[in-house]
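What's counted below: heavy atoms across the whole structure, side chains too, no hydrogens, waters or symmetry copies.
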2 protein chains.
Amino acid sequence: MNPSAAQLGPPAPEPAEGQPEPARRERKKRQTRDALILAALKLFEVKGYEHTAVREITDAVDVSERTFFRYFASKEDLAVSFIRDRTALFLRALAARPPAEDPLTAVRNAYHDSLAESAPDSAENMATYLSVVRLIESTPALLAANLRYLHDHDYEIVGILARREGVDPATDRRPRLLAAMFGTIAFLASQEWRDKGCPGPEVLAAAFDAYADQMTAALAGHWS
Amino acid sequence: MNPSAAQLGPPAPEPAEGQPEPARRERKKRQTRDALILAALKLFEVKGYEHTAVREITDAVDVSERTFFRYFASKEDLAVSFIRDRTALFLRALAARPPAEDPLTAVRNAYHDSLAESAPDSAENMATYLSVVRLIESTPALLAANLRYLHDHDYEIVGILARREGVDPATDRRPRLLAAMFGTIAFLASQEWRDKGCPGPEVLAAAFDAYADQMTAALAGHWS
DNA sequence: CAGATTATGTCAGTCAATGACAAGTGTCAA
DNA sequence: TTGACACTTGTCATTGACTGACATAATCTG
């Protein structure tokens, strides 16, 4: 049982595997994991991330502090677990885009796909996700963790892009460049979205598109 | 005496202010600050960042642990203090570029300027800087701190760009976009540079240019 | 030199994170 | 059902980053 081994969105019943798991043990793990996340978010919202001790979270769920760290590598890790799920969604969406699309188009569409896939999941789910984003965007430490997570997983995007276009990521800089630029504008978009008060997902998508649209314009010449 | 109030490159004798400071106190502060940085880097290089306790650093300099935290907000803070200096150089360089240059050109030239300004500073200085970059690039925690620092100061670049081009950063996304993209490629460049073994500064500059050159190409169509 | 500033040391304490070992619980086959 | 085996959890002890409070000592200022 290594920390954050099995990442999964909160109460989203596993795609159902055959029979190979008599369930009780796994079910309990999932329960405590979900309970920890839920209690943590609740506390974070009230007292703020920094001022919530791990101890308080585990007390609320009635498990030992040690157990917490067997589920999550760190306090940060819990907070960004949602981001992890979103990123995984995006990666799958990107891999699924038709090869006929050029890289930028594929990335843009994949972003929308992943957003659409997670958004209507359930209203309650969306609300939770929104509160997490709000939390992350307003907590410097989590913002940094988020940044770091995105960076650590850029190479996966790079791999998919390079495969799609049949280029060698070791010599061709374009896949790395596009992957990094995607991360950048996704980040800018969620900032703008937060500044607007985290309205609906479609506003986030619109902000993303606006940034994507202006990339070449920003590089062009004078802005007059 | 708040932490990291006065950031300055290591042994670079202050631009000399009139007379208003009878010096001794300031001189001593500078001394211990430099001594802490020096001892820290030496230890980091030998034992690695994570495995060097603040206690060991302060023992080497013979000050109390508490004093360390009066000079640096955190252990990370010490390590990225060099990055701060470099960023400050870049900002000044960017502000100094002629307004006739279009934004992208100005940013690229400013990057080279700041590199040139710090590089020949002194051979020993350069060596120190290189070891810091190596350290940061090979320590996940520091990489994250670096990322965060860059992000936290994007707004300064945004401000300069917006002023240069006479646009409103609140409504026009282009300054934010270019600032973020600059950060991205500067980051990619230093990674590539590290992977090549941190050769000379000109190699870093070349990598930066290569990325800058390919930005539009990466956004264009298929890469074939 | 007196008296206001300011830096430093000491101390006690919080909080995150980890290793080691014991105790409890679930699983599976005989 | 039972008993061996695989995990999971709790307990305990420890390290290390960081902070607040207060006393002390050094450096200004006049």
Side-chain angles (χ1 to χ4, degrees), chain A residues 1-6 17-36 39-40 43-44 47-80 139-142 144-145, chain B residues 1-6 17-36 39-40 43-44 47-80 139-142 144-145:
Chain A
M1 160 118 207
N2 63 339
S4 40
E17 306 185 11
Q19 218 65 32
E21 58 159 35
R24 175 119 87 249
R25 188 174 277 171
E26 289 304 314
R27 226 182 314 139
K28 284 201 168 183
K29 281 204 302 190
R30 167 84 127 269
Q31 273 177 359
T32 53
R33 187 189 156 87
D34 288 349
L36 283 171
L43 283 166
F44 290 164
K47 320 183 46 172
Y49 174 79
E50 313 276 12
H51 297 97
T52 302
V54 172
R55 182 66 191 277
E56 303 178 87
I57 301 171
T58 58
D59 276 357
V61 181
D62 197 47
V63 294
S64 80
E65 209 173 332
R66 191 70 183 82
T67 294
F68 178 96
F69 289 106
R70 287 199 258 251
Y71 279 91
F72 304 98
S74 62
K75 208 170 81 171
E76 271 180 14
D77 185 49
L78 181 151
V80 295
T139 308
L142 293 181
Chain B
M1 157 112 209
N2 64 336
S4 41
E17 306 187 10
Q19 217 65 31
E21 59 159 36
R24 170 119 90 250
R25 187 173 275 168
E26 288 304 313
R27 226 182 314 140
K28 285 201 169 185
K29 281 204 301 192
R30 168 85 128 266
Q31 271 177 359
T32 52
R33 187 188 156 88
D34 289 349
L36 282 171
L43 284 165
F44 289 164
K47 321 182 46 173
Y49 174 79
E50 313 276 12
H51 298 97
T52 302
V54 171
R55 182 67 193 277
E56 303 178 85
I57 302 171
T58 57
D59 277 357
V61 180
D62 198 48
V63 295
S64 80
E65 208 174 331
R66 192 70 182 79
T67 294
F68 177 96
F69 289 104
R70 286 199 257 250
Y71 278 92
F72 304 99
S74 62
K75 209 169 84 170
E76 273 180 12
D77 185 48
L78 180 150
V80 295
T139 307
L142 293 181

> Examine D/dC7: is either OP1 or OP2 under 4.0 Å from a nitrogen or oxygen in the side chain of A/Arg25? Give yes or no.
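For D/dC7, neither OP1 nor OP2 has a side-chain N or O of A/Arg25 closer than 4.0 Å.
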> Test side chain to side chain contact (heavy atoms under 4.5 Å, CB included) on A/Arg30 and A/Arg27 and set out the steps.
CA-CA 5 Å; A/Arg30 167 84 127 269; A/Arg27 226 182 314 139; 5.7 Å; no
> Find the distance B/Glu26:CD to C/dA7:P and express it as a whole number of Å.
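Atom CD in B/Glu26 sits about 8 Å away from atom P in C/dA7.
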> Could you give me the CA-CA distance, side-chain angles and deciding distance for B/Phe44 and B/Leu78, then say whether side chain to side chain contact (heavy atoms under 4.5 Å, CB included) is met?
CA-CA 11 Å; B/Phe44 289 164; B/Leu78 180 150; 4.1 Å; yes
> Could you walk me through whether A/Arg66 and A/Phe69 pass side chain to side chain contact (heavy atoms under 4.5 Å, CB included), step by step?
CA-CA 5 Å; A/Arg66 191 70 183 82; A/Phe69 289 106; 3.9 Å; yes
> Under 4.0 Å from OP1 or OP2 of D/dA26: is there any side-chain N or O of B/Lys28 that close?
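Indeed not, no polar side-chain atom of B/Lys28 lies that close.
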> Measure CD1/A/Ile57 against P/C/dA17 and give the value in whole Å, please.
10 Å
> For the CG atom of A/Asp34 and the OH atom of A/Tyr71, what is their distance to the nearest 0.5 Å?
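Answer for the CG-OH pair, A/Asp34 versus A/Tyr71, is 10.0 Å.
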> Starting at CZ of B/Arg27 and ending at P of D/dC28, how long is that distance when rounded to a whole Å?
8 Å
> On the nucleotide C/dG9, are OP1 or OP2 found under 4.0 Å from the side-chain N or O atoms that B/Thr67 carries?
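So the side-chain polar atoms of B/Thr67 do come within 4.0 Å of the phosphate oxygens OP1 or OP2 of C/dG9, strictly under.
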> Answer whether the closest heavy-atom distance between the side chains of B/Glu76 and B/Tyr49 falls below 4.5 Å.
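In contact.
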> By nearest atom, which of the nucleotides C/dT27, C/dG9, D/dT9 is closest to the B/Ser64 side chain?
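The listed nucleotide nearest to B/Ser64's side chain is C/dG9.
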> Taking CG from B/Asp62 and P from C/dT8, how many angstroms apart are they, rounded to a whole number?
13 Å
> Can you check whether B/Tyr71 has a side-chain N or O nearer than 4.0 Å to OP1 or OP2 of C/dA7?
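Result: no.
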> Hey, could you give me the NE2/CD distance between A/His51 and A/Glu56, rounded to the nearest 0.5 Å?
10.5 Å
> From the options C/dG26, D/dG10, D/dT8, select the nucleotide whose nearest atom is closest to the side chain of A/Lys29.
D/dT8
> Taking protein heavy atoms under 4.0 Å as touching, what does nucleotides 12-23 of chain D look like 5' to 3' if B marks base contact, S marks sugar-phosphate-only contact and - marks none?
-----SBBBB--
> In whole Å, what is the span from the CZ atom of B/Arg30 to the P atom of C/dA7?
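Distance, rounded to whole Å: 15 Å.
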> Determine, stepwise, if the pair A/Thr67 / A/Val61 fulfils side chain to side chain contact (heavy atoms under 4.5 Å, CB included).
CA-CA 11 Å; A/Thr67 294; A/Val61 181; over 6 Å; no
> Using whole Å, report how far CG of A/Asp77 lies from C1' of C/dA17.
13 Å
